[in-house]
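Shown next, in structure tokens, is the structure this report addresses.
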Amino acid sequence: HKQGLIYRDKRLVNWDPGLLTAISDLEVESREITGELTHFRYPLADTVYDPDDPTTYIVVATTRPETMLGDTAVAVHPEDDRYRAMVGRDVILPLVGRRIPIVADYYSDPEKGSGAVKITPAHDFNDFEVGNRHKLPVINVFDAQAAVSLQDNEAFAEGLNAIALRPLIAALHGKDRYEARAWIKTAMEEAGYLDQVEANVHQVPFGDRSGVAVEPFLTDQWYVNAKRLAEPASDVVREGKVRFVPEVWSKTYFDWMDNIQPWCISRQLWWGHQIPAWYGPDGHIIVERTEADALRVAETRYGGTVLVKSRDEALAAWRASAASASEPRSDKAPPPQIAGDVDAGELDGIAPASSAAHQVTILYRDEDVLDTWFSSALWPFSTLGWPHRTPELRKYYPTSVLSTGFDIIFFWVARMMMMGLHFLNREPFHTVYIHALVRDEKGAKMSKTKGNVVDPVALMDEFGADALRFTLAAMAAQGRDVKIAKARVQGYRNFATKLWNATRFADMNECKIVAGFDPSCAQSTLARWIVTEASRAERDVAQAIAAYRFNDAAAAIYRFTWNTFCDWYVELVKPVLSGPDGSEKDEIRATTAWVIDTILKVLHPFMPFLTEELWAITAERSGTTRATRLIHARWPGDGPRDESAAAEINFVVDLIATVRSVRAETNVPAALEADLILVGANPSHENWLVRHDAAIRRLARAGTIAVADVAPRNAAQAVVGDVVVCLPLEGLVDLDAERSRLNKEMARLEKEMAKISGRLANPKFLEKADEATIEEQRQKSDETSSRLDKLRAAIDRLDPAL
RNA sequence: GGGCGGUUAGCUCAGCGGGAGAGCGCUGCCUUGACACGGCAGAGGUCACUGGUUCAAUCCCAGUACCGCCCACCA
């Protein structure tokens, strides 16, 4: 206040006649209304009105006929030839009799209505601006409830014949705006000034709490000079000290900051920080942090005793003392009525209190509270004990990342930036992460007032808090809005159950945590492979989180846990765990426990409750204790990698998957253990087959596994890398199904091959594409053609004629 | 009216210059000693439309259509 940043001003505000308060744009909701556009004729002054002669009047159109009571001009476009001659003349406002000018203003749009527009500065934002430009009087014709208020309305009566006005005032004073609208239309029609009424669809703003049409209304309010605060707040984003993620949102921020308007911060509500302003009887305003400070200032100013009372009491006391002060001078007009609800400013001019030492001066505190966003703007530091220089404030301000929705970039983010820079000279955070907005099933923004809120508690009751949290992370892709899909929450609940069961499996197989276990020393390929995959998953998740790509992070840990760990590792390891005790079994047990630990750590940010629980349970079952809770545990660092182990297991996985697919498609009975013959296997393939014999037999439902130089006839066959796997099941295999399966695969590969060779045959491709891409295409070409050769051979071997 | 965004499998959504993906749903098989909130195998998409840039476009650019959001709007 003392720096001139906060001031009191008389302005039009969006007034909610239901709540009797000024409301912010955020609380206004536009609705499409089918109404009427009423065209009135305003007769030219000093001319005889003739309904049949359009040169004797000017037509204006309005959707709010009742506002005509407050009209103080008619505006036409300066370059509109139709009205050029009329500019500077006056019209007589019908019913009222006020003489008002025709002004030229660019606001008037020749394309709309008649091209002439009535100007009501007290009840329309644009008209208010026009009024300022042309120094027009501002005539408020409504009260706070949006009822017509003409009785004792000096601005309205100014320059008019009071006696002639009486019938109009008697008819309209106190009438609701809509009743007044009807009355005026009728009266205008009866007087011959109604030109026409046309149907009209237009947007009308409603208060979203009261459901009442908002009315522009003239009041005294507290304002912040936001422009002065916005400049530094804009600069820190331009200079990169504060970054928006995704970056496009900085544009929204700049749009707001560059066009910032004075910010009305007073609200006529009960909840909130009460404005620390005290009014004295002479209209002086004292702004101090506390009432004690205000009293001290007031005592210096007024002398004597100063008391703070309620507004009503203070006004009554002032009125009484003003009356007694003016008594000896009976020629002075009586003090103006205290009108309106918030018009302390109108008290200017009331007789000042005497400064005699024995006198008592009454103050009252502003009853308004601060706009909720003003209070919220202080959040980054007021929560840390500001204005005191607390240790918390020193340690935690500035904060780091603000995560919020794009709908409050204006209201909250921008204001926190302004306040933080103003009060602490430092931006409140370095990154603003803008997430998507959850919408209802129709795509509408959730709103407490509309009641279309997706209830998170109900979803949590049904699927668990972790499932909901994971869903939100998985859907956090940086789009605009998200429709919450229940099936998806359910899917992630299933994921939680899956992990729970996998952990149970490990427990049943005594996969205990081994203190000091070093996964890089594991000997078995399975262990080395899963450790490699876990390390990859950890890296993927960490990178995605660092890039604020939470959906990618969630997907990476989901895939590893379910598709790699549960679907393959657990299945491959079963023969070992149910086999004889020994060093391999011990190692697999320890590795399994280690991998689960890694999953818990990496998954913890997404499913904190489940993982924390499992963290405790697994330790207890292992007979150990954890150094910390999971939430405080260290994120796993880079784990070891072993690409050759990965190649080996990938071959086994590929083999099993292929055999399963062939069996299913050629209708091999599920219970049948089919023998496998591998053609084209090299020595390491043979090693791998021996090493994983049990797992392959179990997972591929295989009988014996053998290696051969030549494929048997009439067997089902499939290509696995460089190897052809055959299921010699003459009589059991559906050979027609097998032939069509192979042909389908051929067709797919041939299409692929045609694409690749077309590319490689194109000289421009070879000339312009980068080398890595060309090399990649060559490799793909080799792989595809070798696969095609094997498939062709397989189809040939199926032909019984050969 | 101004601005921004979207249009990819039946549904909800990722991907975004060189092989079209996930979850749910759907089809077939499986009561396999962790899990039926499960397992295995599948089907399903000229990536809205039209033109352009490029050796190459679902991806970049322009336009069209439809959908949505924000701002303005009570003539």
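Small disclaimer: the values here were computed from a predicted structure and weren't measured. Heavy atoms only: backbone and side chains are in, while hydrogens, waters and symmetry mates are out. Here is how names work: the chains are called A, B, and so on, in the same order as the sequence lines, proteins then strands, and each is numbered from 1.
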With rounding to whole Å, what would you report as the distance between B:C29 and B:U50 at their C1' atoms? 47 Å
Would A:K574 and A:F505 count as a cation-pi pair here, with the cationic atom under 6.0 angstrom from the ring centre and within 45° of the axis? yes
Taking the minimum atom-to-atom distance to the side chain of A:R488, which one of B:G23, B:G39, B:C30 wins? B:G23
Applying a 4.0 Å non-hydrogen cut-off, can you work out what A:T497 is touching in the nucleic acid: base, sugar-phosphate, or nothing? base
Salt-bridged, A:E752 to A:K755, with N to O below 4.0 Å? no
With a 4.0 Å cut-off on heavy atoms, is A:D507 in touch with a base, just the backbone sugar-phosphate, or nothing at all? nothing
Out of B:A34, B:A43, B:G19, which has the shortest distance to the side chain of A:K744? B:A43
Looking at every strand, decide which applies to A:Y107 at a 4.0 Å heavy-atom threshold: base, sugar-phosphate, or nothing. base
With a 4.0 Å cut-off on N to O distance, would you call A:K780 and A:E783 a salt bridge? no
Atom CD of A:E775 and atom P of B:G19: how far apart are they, to the nearest Å? 16 Å
Taking the same atom, P, in B:U46 and in B:U58, what whole-Å distance lies between them? 13 Å
In whole Å, what separates the C1' atom of B:U31 from that of B:G38? 11 Å
Just checking A:S108: base, sugar-phosphate only, or nothing, at a heavy-atom cut-off of under 4.0 Å? base
Does A:W562 place a side-chain N or O at less than 4.0 Å from the phosphate oxygens OP1/OP2 of B:G39? yes
Using a strict threshold of under 4.0 Å (side-chain N to carboxylate O), is an ion pair present between A:E767 and A:K764? no
Where the side chain of A:P205 is defined as all heavy atoms beyond and including C-beta, which of B:U32, B:A41, B:C74 is the nearest nucleotide? B:C74
Under 4.0 Å, heavy atoms only, any strand: does A:Q777 hit a base, just the sugar-phosphate, or nothing? sugar-phosphate
Please pick, from B:A20, B:G39, B:C74, the nucleotide with the shortest atom-to-atom distance to any side-chain atom of A:K755. B:A20
Rounded C1' spacing from B:C13 to B:G5 in Å: 16 Å
Would you indicate what A:D567 reaches in the nucleic acid, counting non-hydrogen atoms under 4.0 angstrom: base, sugar-phosphate, or nothing? sugar-phosphate
If I pick the P atom on B:G25 and the same atom on B:G39, what distance separates them, to the nearest angstrom? 12 Å
Look at the rings of A:Y106 and A:H77 and say which category their plane angle falls in: under 30° parallel, 30 to 60° tilted, over 60° perpendicular. perpendicular
Check the distance between B:G23's C1' and A:L472's CG and give it to me in whole angstrom. 15 Å
Does B:G51 have a Watson-Crick or wobble partner in any strand here, with both distances under 3.5 angstrom, and which is it? B:C61
When all nucleic acid strands are considered with a 4.0 Å heavy-atom cut-off, which category describes A:K486: base, sugar-phosphate, or nothing? nothing
Any A:K780 side-chain N or O less than 4.0 Å from OP1/OP2 of B:G18: no
Ring-plane angle category for A:W256 and A:F410, please: parallel below 30°, perpendicular beyond 60°, tilted otherwise. parallel
RNA chain B: A:T62 or A:G491, which has the more 5' nearest nucleotide? A:G491
Need one value for A:R559: base, sugar-phosphate or nothing, where a base atom within 4.0 Å counts as base even if backbone is also close, heavy atoms only. nothing
Is there a Watson-Crick or G-U wobble partner for B:C26 with both distances under 3.5 Å, and if so, which one is it? B:G42
Pairwise C1' distance for B:G45 and B:A14, with rounding to whole Å: 15 Å
Nearest-angstrom distance, C1' atom, B:U8 to B:C49: 15 Å
Can you identify which nucleotide, out of B:G38, B:G23, B:A41, has its nearest atom closest to the A:A664 side chain? B:A41
As a test of reading the structure: which of B:C35, B:C37, B:C74 is closest to the side chain of A:V204, going by heavy atoms? B:C74
Does B:U32 pair with anything, Watson-Crick or G-U wobble, both distances under 3.5 Å, and if so, with which nucleotide? none
Aromatic ring proximity, centroids under 6.0 angstrom, A:W15 and A:F217: yes
Looking at every strand, decide which applies to A:E665 at a 4.0 Å heavy-atom threshold: base, sugar-phosphate, or nothing. sugar-phosphate
Using whole Å, what does the distance between atom C1' of nucleotide B:U32 and atom CG of A:L672 come to? 15 Å
Can you check whether A:Y57 and A:Y193 have ring centres sitting under 6.0 Å from each other? no
Between B:C37 (C1') and A:M607 (CE): distance, integer Å: 12 Å
Could you let me know what B:C69 is paired to, Watson-Crick or G-U wobble, both distances under 3.5 Å, or none if it's on its own? B:G3
Name the nucleic acid region contacted by A:E752, choosing base, sugar-phosphate or nothing; use a 4.0 angstrom heavy-atom cut-off, strictly under. sugar-phosphate
Taking the minimum atom-to-atom distance to the side chain of A:D770, which one of B:G15, B:G39, B:G18 wins? B:G18
Go ahead and name the base partner of B:C37; Watson-Crick or wobble counts if both distances stay under 3.5 Å, otherwise write none. none
Residue-phosphate contact under 4.0 Å: A:N494 side-chain N/O, B:G38 OP1/OP2: yes
Watson-Crick/G-U partner (both atom distances under 3.5 Å) of B:C16: none
Parallel, tilted or perpendicular: which one describes the rings of A:W562 and A:Y558, with boundaries at 30° and 60°? tilted
Counting only side-chain N and O atoms of A:R759, is one of them less than 4.0 Å from OP1 or OP2 of B:G19? yes
Sugar-phosphate, base or nothing in reach of A:V60, heavy atoms under 4.0 Å: nothing
Could you state the interatomic distance from CD1 (A:I557) to CG (A:L603), rounded to the nearest 0.5 Å? 5.5 Å
Of the listed B:A41, B:C35, B:C55, the closest approach to the A:A657 side chain comes from B:A41
Report which part of the nucleic acid A:N126 touches: base, sugar-phosphate, or nothing (heavy-atom distance under 4.0 Å, all strands). sugar-phosphate
What about A:R493, does its side chain sit under 3.5 Å from the base of B:C37 through a donor-acceptor pair? yes
Would you mind telling me which residue lines up with the more 5' stretch of RNA chain B, A:Y492 or A:A61, judged by nearest nucleotide? A:Y492
From the candidates B:C35, B:G19, B:C73, the one with an atom nearest any side-chain atom of A:F125 is B:C73
Within the structure, does a side-chain N or O atom of A:K498 lie under 4.0 Å from either OP1 or OP2 of B:C35? no
Checking all strands, does A:Y558 fall into the base, sugar-phosphate, or nothing category for heavy-atom contacts under 4.0 angstrom? sugar-phosphate
If the P atom of B:A20 is compared with that of B:G63, how far apart are they to the nearest Å? 30 Å
A:R660, nearest nucleotide to its side chain (from B:G39, B:C37, B:C40): B:C40
